[in-house]
Amino acid sequence: TDNRNRTASDVRAAFTKVGGTLADPGSVAYLFSRRGQVVVEANGADEDAILEAGLDAGLSDVDDNGGSLVAWCDATDVRGLRKALEEAGFRILEAGSTMVPATNVPVTDPADAKRVIRLLDLLDESDDVQDVYANFDITDDLLEAATAP
């Protein structure tokens, strides 16, 4: 952002609107770790082939997301892993680093689910907010109920 005070004020206001409070900077950073990810098109891609192609480039794990496969690595190894997978003939859909939660917190109360969804909407509306990382887990049924008009 070009104005940290304005952005902090907007984010604080979003939390206040849903009945929450904004923690001090860095106070929940221990709940997340920065990891690199290279998303590969799953169309015919084999996890074993991705593992074989990426192990020397820092690949640590592969997750199947249905239409895509996510190759995980250290955040500093993204470029090398992307290059290794491209050279092996895989179609890269996305590559970069992200914050991954250490643990997920289940949201079971419908009122809490609505507040979480409302907070995400408010943060999404802010022009200064680029990414939101969260560690909540809401079931599909509860998510549907929370987003219903």
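Here the structure is a predicted model, which means the values were calculated and not measured.
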Novice: Does the pair Val18 and Leu122 meet the rule for a side chain to side chain contact (heavy atoms under 4.5 Å, CB included), with working shown?
Specialist: CA-CA 9 Å; Val18 298; Leu122 289 169; 4.1 Å; yes
Novice: Could you grab the distance from atom OG1 of Thr7 to atom CZ of Arg12, nearest 0.5 Å is fine?
Specialist: 11.0 Å
Novice: When you compare the side chain of Gln37 with that of Val78, does any pair of heavy atoms fall below 4.5 Å?
Specialist: no
Novice: Could you give the distance from CD1 (Ile50) to CG (Leu81), rounded to the nearest 0.5 Å?
Specialist: 9.5 Å
Novice: Check whether Val132 and Met99 end up in the same hydrophobic cluster, where Ile, Leu, Val, Met, Phe, Trp and Tyr are linked by side-chain heavy atoms less than 4.5 Å apart.
Specialist: no
Novice: Taking all atoms of both residues into account, what is the closest heavy-atom pair of Gly80 and Ala57, and its distance?
Specialist: O-CB, 3.7 Å
Novice: If I compare all heavy atoms of Asp61 with all of Arg35, which pair ends up nearest, and what's the gap?
Specialist: CB-NH2, 4.4 Å
Novice: Kindly compute the distance separating CZ (Phe15) from CG (Asp10), expressed to the nearest 0.5 Å.
Specialist: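 CG of Asp10 is found 12.5 Å from CZ of Phe15.
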Novice: Can you find a pair of side-chain heavy atoms, one from Arg91 and one from Val40, that are under 4.5 Å apart?
Specialist: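 Answer no - side chains too far apart.
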Novice: Do Val28 and Val105 share a hydrophobic cluster, counting only Ile, Leu, Val, Met, Phe, Trp and Tyr and linking them when any side-chain heavy atoms are less than 4.5 Å apart?
Specialist: no
Novice: Working to the nearest 0.5 Å, report the span between CZ of Phe90 and CG of Leu69.
Specialist: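 Answer for the CZ-CG pair, Phe90 versus Leu69, is 8.5 Å.
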Novice: Can you check whether Ser68's main-chain N or O pairs, donor with acceptor, with Asn65's side chain at less than 3.5 Å?
Specialist: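 Judged by distance alone, no pair lies under 3.5 Å.
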Novice: Given the rule that I, L, V, M, F, W and Y join up when any side-chain heavy atoms are under 4.5 Å apart, are Val39 and Leu85 in one cluster?
Specialist: no
Novice: Is a donor on one side and an acceptor on the other found under 3.5 Å between the side chain of Ser27 and the backbone of Asp24?
Specialist: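 It does hold such a pair.
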Novice: For Ala53 versus Ala88, what's the shortest heavy-atom pair and its separation?
Specialist: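 Nearest pair, atom of Ala53 first, then Ala88: CB-CB, 3.6 Å.
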Novice: Over all heavy atoms of both residues, which pair between Gly58 and Asp77 is shortest? Give the atoms and the distance, please.
Specialist: CA-OD2, 3.8 Å
Novice: Is any side-chain heavy atom of Leu123 less than 4.5 Å from a side-chain heavy atom of Val11?
Specialist: yes
Novice: Can you find a heavy atom in the side chain of Asn135 that is under 4.5 Å from one in the side chain of Phe32?
Specialist: yes
Novice: First locate atom CG of Asp109, then atom CG of Leu142, and finally report the distance between them rounded to the nearest 0.5 Å.
Specialist: 8.0 Å
Novice: Cluster question for you: counting only ILVMFWY and a side-chain heavy-atom cut-off of under 4.5 Å, with indirect links fine, are Val62 and Leu93 together?
Specialist: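 Cluster IDs for Val62 and Leu93 differ.
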Novice: Hydrophobic cluster membership, with links at side-chain heavy-atom distances under 4.5 Å among I/L/V/M/F/W/Y: are Leu119 and Leu22 in one?
Specialist: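 Yes, same cluster.
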Novice: Would a 4.5 Å heavy-atom cut-off, applied to side chains only, mark Leu59 and Trp72 as touching?
Specialist: no
Novice: Taking everything shown except Arg34 itself, do over 12 heavy atoms lie less than 6.0 Å from its CZ?
Specialist: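 Yes.
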Novice: Near Glu41 CD, under 6.0 Å, is it more than 12 heavy atoms from other residues, nucleotides or ligands?
Specialist: yes
Novice: Answer yes or no: is there a side-chain heavy-atom contact under 4.5 Å between Thr21 and Thr16?
Specialist: no
Novice: Using a strict cut-off of less than 4.0 Å between a Lys/Arg side-chain nitrogen and an Asp/Glu carboxylate oxygen, indicate whether Arg118 and Asp121 qualify as a salt bridge.
Specialist: no
Novice: To check you understand the geometry: which heavy-atom pair defines the closest contact between Arg82 and Ala95, and what is its length?
Specialist: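 Heavy-atom minimum between the residues: NH1-CB, 3.5 Å.
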Novice: Determine whether Thr139 and Asp141 satisfy the following criterion, side-chain hydrogen bond (donor to acceptor under 3.5 Å, both in side chains), listing intermediate values before the conclusion.
Specialist: CA-CA 5 Å; Thr139 64; Asp141 294 339; 5.5 Å; no
Novice: To the nearest 0.5 Å, tell me how far Glu52 CD sits from Asp46 CG.
Specialist: 9.5 Å
Novice: For the pair Thr147 (side chain) and Leu143 (backbone), establish whether a donor and an acceptor sit closer than 3.5 Å, ignoring hydrogens and angles.
Specialist: yes
Novice: Ignoring hydrogens, what is the shortest heavy-atom contact between Ile117 and Ala146? Give both atom names and the distance.
Specialist: CG1-CB, 4.0 Å
Novice: Could you tell me if the side chain of Thr98 sits less than 4.5 Å from the side chain of Val100, heavy atoms only?
Specialist: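 In short, these two side chains touch, coming nearer than 4.5 Å.
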Novice: Is there a side-chain contact between Val107 and Asp137 (heavy atoms, below 4.5 Å)?
Specialist: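 No, every pair of side-chain atoms sits at 4.5 Å or beyond.
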Novice: Assess whether a salt bridge exists between Arg6 and Asp128, defined as any Lys/Arg side-chain N lying under 4.0 Å from an Asp/Glu carboxylate O.
Specialist: yes
